[in-house]
Amino acid sequence: MSEPNPPAPAANFIRNIIDEHISSSKWGGRVETRFPPEPNGYLHYGHAKSIFLNFGLARDYNGVCHLRFDDTNPEKEEQEYVDSIIASVKWLGFDWGRHLYYASDYFDTMYACAEYLIQSGNAYVDSLSAEEMRAYRGSLNEPGQDSPYRNRSAAENLDLFRRMKAGEFPDGAHVLRARIDMASPNINLRDPAIYRIKHASHHNTGDAWCIYPMYTYAHPIEDAIKHITHSICTLEFEDQRPFYDWLLDKLADGGFFTRPLPQQIEFARLNLTYVVLSKRKLIQLVEERHVDGWDDPRLPTLMGARRRGFTPAGFKRFTDQIGVSKADSWIDMSVLEACMRDDLNEHALRRIAVLDPVKLIIDNYPENQSEDCFAPNHPQNPDLGKRAIPFSRELWIEREDFAETPPKGYFRLYPGNKVRLRYGYVVECSGCDKDENGNITAVRCTYLPDTKSGTPGADSVKVKGNIHWISVRHAYAAEVRLYDRLFAVPHPGQARDFLEDINPASKTVIRAQLEPALQNAEPEARFQFERHGYFVADLKDSRPGAPVFNRTVTLKDSWIKEK
RNA sequence: AGGGGAGUCGCCAAGUGGUAAGGCAUCGGAUUUUGAUUCCGACAUUCGCAGGUUCGAUCCCUGCCUCCCCUGCCA
């Protein structure tokens, strides 16, 4: 079987820039990118956009993409986050080969660069307090003032900086700043801090350092050291680009790097409705136990997505579909859900599950008889074969597939109506049994013996309705979690505290009746429960013989909308 | 208000001087033993607004409007 040629990647402004670089041979046609997370949290859907962008560009231009941890702030970073980030990027299907790096691998080089900047008059040690520095910085409308320490001699700066490194000063006593322009209209150029004192131990370098570079200083240097060509980041760093260029230019003059230097390019981050992607809010949801941990299937983390049953291929569809641009935009959650459905529809095996069971009794079917019916594992792919499903006198069907008085357009079970028991017989509904409170306890019908699916007479009776069922005697009951969107409104927190917008029905745990074939599902096996949606055997709580399923997403339902 | 960005169909998004791609959604219709899938068809005389340049402007110029980001020793 030959795969059709994949469609050419959609044009976007970053590809246009790269194409120009290729034709001008700016880096000799080389494309080298990096995905640079800070290991201070779990990756979320928004990171998927960046991952597919950076790794995708590298793949399409025969380049490489590094996985690089920007671990410049030891107070916030942990090995646990490093591990989970690695697992998530791998899960999405990317391989960085030997290109796994850490900012902390280059602390020596960064330090040497800093000494050079001091010696060349481009950096100085400031001894203002944080509050004083803020006051000297000016405001959006007013220029800043030079710090009284701005004109220390290179020798004095160097001495102070070395003593900072040696641990002679407490946190906050001094800070190394780039000497640029305190009157710049771009506040990021008003002598930004590049090194601060932090007596904290680092997940990677331990206690080797008590001064740590700022991200804005470390990031360009890391890019330049590894010869990154296109340093792709989000829009909020646009104002930082002049500093990125200033720094690398100075260091290239100092012989640390050769030109052409890496080029920073900014794109719009992902905004998605019905979730929150801010790290702060995600942490709050977890810590205040509004969800069950970082991998809760409702959470927009990649670990949550995995347990939810979302697929890497679905994320690929999604990122291809939403494109890349510089316009702030909001993607509706339904787009992501549709992408997951598209992928799952192609690959998930079909199975039967009755989620809200009510008994259907076939009055003219012999009490102790049973027989096999055969259902295809995938209607569009016969190669996937069929399986046997036992049929008998008493079946579980969905409560909503019967109506005593049917609404307009309803074509399922109601007195006098015929429907097909999918893969089995056509039955005619005769009524229902009720308890003393009027609750329906069983639905009654008779079957038409000549209409069994797969037999010559199967189509002798045409019916519009087609419902799924499971033999009571053969059914297997298991826990199923019905997940829905975490928030009930498109923009949580817009009108009130975001916690108040949590969807109270985001998780419903039920015991469902499953067909026998589902009992031995392996963790992470994905299925379509026919007429319901896509479900996955939970990665953590499910095991063969004792399955637990999570609903990934429902099937599209055009009947609900009509009602 | 200073600086940096963005405004093209309901949602994304190409196009950047030659007369508006594509996807999703939506609406028709066909197929269908999932009210699913699939398949066909429809879907911007118009590109934030107002002027100007031009034979011709979404694209160039001028002015205006709206939205986003920036005053961490966070990233």
Side-chain angles (χ1 to χ4, degrees), chain A residues 7 10-13 16 36-38 40 70 72-73 75-77 126 128-130 133-135 137-144 171-177 184-190 192-198 211-212 214-216 218-219 233-242 266 268 273 279 317 320-332 334-335 338-339 341-342 345-346 350 352 375-376 378-380 409-412 419-424 426 453-454 458-459 462-468 528-533 554-563:
Chain A
N12 65 49
F13 77 101
N16 294 345
E38 183 192 11
N40 71 339
D70 277 347
T72 55
N73 187 350
E75 289 167 347
K76 295 188 174 178
E77 295 147 6
D126 200 348
L128 251 25
S129 69
M133 252 182 82
R134 193 178 316 121
R137 189 154 33 231
S139 71
L140 294 180
N141 305 309
E142 306 151 321
D171 289 8
H174 306 283
V175 63
L176 186 69
R177 291 228 252 172
S184 172
N186 179 348
I187 292 174
N188 299 295
L189 258 23
R190 318 239 263 230
I194 59 180
Y195 260 96
R196 74 286 218 193
I197 301 170
K198 270 185 195 293
I211 57 172
Y212 291 93
M214 299 285 287
Y215 162 85
T216 49
H219 194 90
C233 62
T234 45
L235 252 28
E236 67 268 28
F237 295 106
E238 268 177 321
D239 290 340
Q240 213 62 244
R241 191 172 64 233
E266 310 85 12
T273 58
K279 224 166 242 182
R317 277 176 190 267
D320 285 348
Q321 196 162 116
I322 63 177
V324 178
S325 76
K326 298 190 72 157
D328 290 308
S329 60
W330 282 85
I331 307 295
D332 197 86
S334 63
V335 175
C339 288
R341 280 192 195 103
D342 286 346
N345 176 50
E346 278 183 38
R350 269 55 173 175
I352 305 296
H378 191 121
Q380 279 81 45
Y410 188 83
F411 49 66
R412 280 113 96 160
V419 303
R420 174 169 294 281
L421 297 176
R422 200 164 162 70
Y423 312 125
V426 172
S453 292
D459 295 324
K462 291 285 183 194
V463 294
K464 202 165 185 201
N466 205 300
I467 67 171
H468 62 276
Q528 183 197 95
F529 289 179
E530 295 198 22
R531 303 213 298 137
H532 282 304
T554 60
L555 247 31
K556 188 171 144 191
D557 186 349
S558 47
W559 164 243
I560 272 182
K561 276 179 293 189
E562 282 180 36
K563 285 193 288 189

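Every chain is numbered from 1 and lettered A, B, ... according to where its sequence line falls, protein lines coming before strand lines.
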Show the distances under 3.5 angstrom between N or O atoms of the protein and N or O atoms of nucleotides 9-13 of chain B.
unit_1 : atom_1 : unit_2 : atom_2 : d
B/rC11 : O3'    : A/W330 : O      : 3.4
B/rC11 : O2'    : A/W330 : O      : 3.3
B/rC12 : OP1    : A/W330 : N      : 3.0
B/rC12 : OP1    : A/W330 : O      : 3.4
B/rC12 : O5'    : A/W330 : O      : 3.4
B/rC12 : O2'    : A/I322 : O      : 2.6
B/rA13 : OP1    : A/S325 : OG     : 2.4

Sugar-phosphate only, base, or nothing, as touched by A/F411 at under 4.0 Å among non-hydrogen atoms: base

Base orientation of B/rG5, syn vs anti, 90° cut from 0: anti

Any A/R196 side-chain N or O less than 4.0 Å from OP1/OP2 of B/rA75: yes

Phosphate OP1/OP2 of B/rG35: any A/R531 side-chain N/O under 4.0 Å: yes

With A/N188 via side chain to side chain contact (heavy atoms under 4.5 Å, CB included) - residues at least two apart: A/N186, A/D239, A/Q240

Involving RNA chain B, stems made of at least three consecutive Watson-Crick or G-U pairs, both distances under 3.5 Å: B:2-7 with B:65-70, B:10-12 with B:22-24, B:26-30 with B:38-42, B:48-52 with B:60-64

Test salt bridge (charged side-chain N to carboxylate O under 4.0 Å, His left out) applied to A/R341 - qualifying residues, sequence neighbours left out: none

A/L421 and A/I467, any side-chain heavy atoms less than 4.5 Å apart: yes

Pairwise P distance for B/rU45 and B/rG5, with rounding to whole Å: 32 Å

Results of side-chain hydrogen bond (donor to acceptor under 3.5 Å, both in side chains) for A/S334 - residues two or more places apart only: A/D332

Whole angstrom value for the distance that separates P of B/rA14 from CZ of A/F13: 8 Å

With sequence neighbours excluded, residues passing side-chain hydrogen bond (donor to acceptor under 3.5 Å, both in side chains) with A/T234: A/E236

Sugar-phosphate, base or nothing in reach of A/A130, heavy atoms under 4.0 Å: base

Touch class at under 4.0 angstrom, heavy-atom based, for A/F529 against every strand present: nothing

C1' gap between B/rA25 and B/rG10, integer Å: 7 Å

Sugar-phosphate, base or nothing in reach of A/G409, heavy atoms under 4.0 Å: base

Closest to side chain of A/K76, choosing from B/rC73, B/rC74, B/rU34: B/rC74

Contact nearer the 5' end of RNA chain B, comparing A/H532 with A/D70: A/H532

Counterpart residues, ring pair (Phe, Tyr, Trp, His ring centres under 6.0 Å), relative to A/Y410 (two or more places apart): none

Nucleotide nearest A/N16 (side chain, heavy atoms from C-beta), chosen from B/rG2, B/rA75, B/rG15: B/rG15

Non-hydrogen atoms of A/E77 and A/E38 that approach each other most closely: OE2-OE2, 2.6 Å

Residue-phosphate contact under 4.0 Å: A/R137 side-chain N/O, B/rC73 OP1/OP2: yes

Protein-nucleotide distance (A/R190, atom CZ; B/rC73, atom P), rounded to Å: 13 Å

Between B/rG15 and B/rG22 - P atom distance, rounded Å: 14 Å

B/rG72 phosphate, OP1 or OP2, under 4.0 Å from A/N73 side-chain N/O: no

A/D171 CG to B/rC73 P, straight-line distance once rounded to whole Å: 14 Å

Sugar-phosphate, base or nothing in reach of A/E75, heavy atoms under 4.0 Å: nothing

Sugar-phosphate, base or nothing in reach of A/K198, heavy atoms under 4.0 Å: sugar-phosphate

A/N466 CG to B/rU34 C1', straight-line distance once rounded to whole Å: 7 Å

A/E238, nearest nucleotide to its side chain (from B/rG5, B/rU71, B/rA75): B/rG5

Earlier contact from the 5' end, RNA chain B, for A/R241 and A/Y410: A/R241

Nucleotide B/rA25, atom P - distance to CZ of A/R317 in whole Å: 11 Å

Closest nucleotide among B/rC69, B/rG2, B/rU71 to the A/N141 side chain: B/rG2

Touch class at under 4.0 angstrom, heavy-atom based, for A/I194 against every strand present: nothing

With A/R420 via side-chain hydrogen bond (donor to acceptor under 3.5 Å, both in side chains) - residues at least two apart: A/S453

Any side-chain heavy-atom pair of A/T72 and A/Y212 under 4.5 Å: no

Pairwise P distance for B/rG28 and B/rU37, with rounding to whole Å: 15 Å

P atoms of B/rC60 and B/rA6, separation to the nearest Å: 12 Å

Spacing between A/K279 atom NZ and B/rA75 atom C1', to the nearest angstrom: 7 Å

Base B/rG3 paired with A/D239 side chain (donor-acceptor, <3.5 Å): yes

Distance, rounded to the nearest Å, where A/R412 contributes CZ and B/rU34 contributes P: 13 Å

Considering only nitrogen or oxygen atoms on both sides, find all protein atoms under 3.5 Å from nucleotides 46-48 of chain B and state each distance.
none

Touch class at under 4.0 angstrom, heavy-atom based, for A/S184 against every strand present: nothing

Touch class at under 4.0 angstrom, heavy-atom based, for A/M133 against every strand present: base

A/Y195 OH - B/rC74 P separation (whole Å): 14 Å

Residues that A/K76 engages under side-chain hydrogen bond (donor to acceptor under 3.5 Å, both in side chains), provided they are two or more places apart: none

pair A/P192-A/M214: side-chain heavy atoms closer than 4.5 Å: no

Non-neighbouring partners of A/I211 that pass side chain to side chain contact (heavy atoms under 4.5 Å, CB included), sequence neighbours left out: A/Y111, A/F161, A/M164, A/K165, A/Y195, A/I197, A/W209

Selection from B/rC73, B/rU34, B/rA75 that lies nearest to any side-chain heavy atom of A/R422: B/rU34

Distance between P atoms of B/rC12 and B/rG72 (Å, rounded): 31 Å

Pairwise C1' distance, B/rG48 and B/rC68 [rounded to whole Å]: 15 Å

Base-contact (B) and sugar-phosphate-only (S) positions in nucleotides 36-43 of chain B, heavy-atom cut-off under 4.0 Å, - elsewhere: BB------

Student check: side-chain heavy atoms of A/Y215 and A/N73 closer than 4.5 Å: no

Side-chain donor/acceptor of A/R350 to backbone N/O of A/Q528, under 3.5 Å: no

